[in-house]
Amino acid sequence: MKIFVYHTPELTPTDSIPDCAIVVDVLRATTTIATALNAGAEAVQVFSDIDELMEVSEKWPADKRLRVGERGGQKVEGCDLGNSPLNCTPEVVEGKRLFMTTTNGTRALQKVQNAPVVITSALVNRRTVVEYLMTTKPETIWIVASGWEGSFSLEDTACAGAIINSLCSEMGYPIDNLGGNDEVFGAVALYYQWQNQLYKLMNTASHGQRLARLECYDDLKYCADTDIVTVLPIQSEPGVL
Ligand code: 3SL
């Protein structure tokens, strides 16, 4: 098993493909995906383009779909929901397909959608992702952080470190055995620094501050919670989890 961490979709190689790609967008797309599936959503289908989302979702029965759209942290006009994981209660999402577009997370997913296995992780479902990796032992794993419009995101790389740290301790591997690039060691060091104050990390991160300006305080708290849902969002066809 070799793990590679990429800080943004733009830094993710295009000339090769891993056995397993893990997309991370702690604030908030992959937290929302995990929460929605855990609450009984039928599936989440992702789009980078809002017009394409509208066109494809139009063909789905109206009572079985929810359009989820976010740009700049705010709900897109014409969508049913914005990107708050706290909207994804069983009453709202059960049995429904979420057609979702967000600024960075859905773009990161599309970047690796041709990998044989594509899963998403956030802190909320970190444990389930680690258990999946321990069972399936993919030869090469890429953790792709969504970042923010091409820039590094503190919370995504810390989540990558949380996954790697847990995997190493569960399997009894030293990190040197698993580390495929320098970013792996950086991610684990970052996680060590913040592991006992992840809510503070959310408030320190630049995107966390953006969300705080939009008064999404409860979202920041929820996204910092670790190992609270036991769902593995896994791609069943390109763009559908
Ligand atoms: O960029 C994204 O994909 C979103 O998760 C950003 S936000 O947290 O919904 O603002």
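Atoms within a ligand are numbered from 1 in the order they appear, just like the ligands themselves.
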### Message
Surrounding CG of D218 (heavy atoms of other residues, nucleotides or ligands, distance under 6.0 Å), is the total greater than 12?
### Response
no

### Check: D25 N/O within less than 3.5 Å of ligand 1 N/O
yes

### Query
Charged N to carboxylate O under 4.0 angstrom, R28 versus E155?
no

### Message
Considering non-hydrogen atoms of the protein only, which is the closest contact for atom 1 (O) of ligand 1, and what is the distance?
### Response
N104 ND2, 2.7 Å

### Task
Would you please say whether a donor-acceptor pair under 3.5 Å links the side chains of T103 and E70?
yes

### Query
Is the closest heavy-atom distance from Q74 to ligand 1 below 4.0 Å?
no

### Task
Determine whether K111 and Y6 make a side-chain contact, defined as any pair of heavy atoms from C-beta on separated by less than 4.5 Å.
no

### Message
Does only the side chain of E70 get under 4.0 Å from ligand 1, or the backbone, or both, or neither? Count heavy atoms.
### Response
side chain

#### Entry: hydrophobic_cluster_shared for V24 and I234, side chain cutoff 4.5 Å
yes

### Task
Indicate yes or no: does E10 engage R107 in a salt bridge with an N to O separation below 4.0 Å.
yes

### Summary
One finds that the ligand 1 atoms under 4.0 Å from a non-hydrogen atom of H207 are 6 (C), 7 (S), 8 (O), 10 (O)

### Subset of ligand 1 atoms that lie under 4.0 Å from at least one heavy atom of G73
10 (O)

### Task
Any atoms of ligand 1 less than 4.0 Å from a non-hydrogen atom of T103? List them with their elements.
1 (O), 2 (C), 3 (O)

### Task
Could you list the atoms of ligand 1 found under 4.0 angstrom from a heavy atom of A29?
3 (O), 5 (O)

### Task
Answer yes when D227 and R126 have at least one side-chain N-carboxylate O distance shorter than 4.0 Å, and no when they do not.
yes

### Query
Any nitrogen or oxygen of L211, main chain or side chain, under 3.5 Å from a nitrogen or oxygen of ligand 1?
no

#### Entry: Inter-residue atom distance S166.OG - M134.CE, 0.5 Å rounding
7.5 Å

### Query
Should you measure from each heavy atom of G105, which atoms of ligand 1 turn up under 4.0 Å away?
1 (O), 2 (C), 3 (O)

### Query
Going by distance only, is there an N or O of N83 that falls short of 3.5 Å from an N or O of ligand 1?
yes

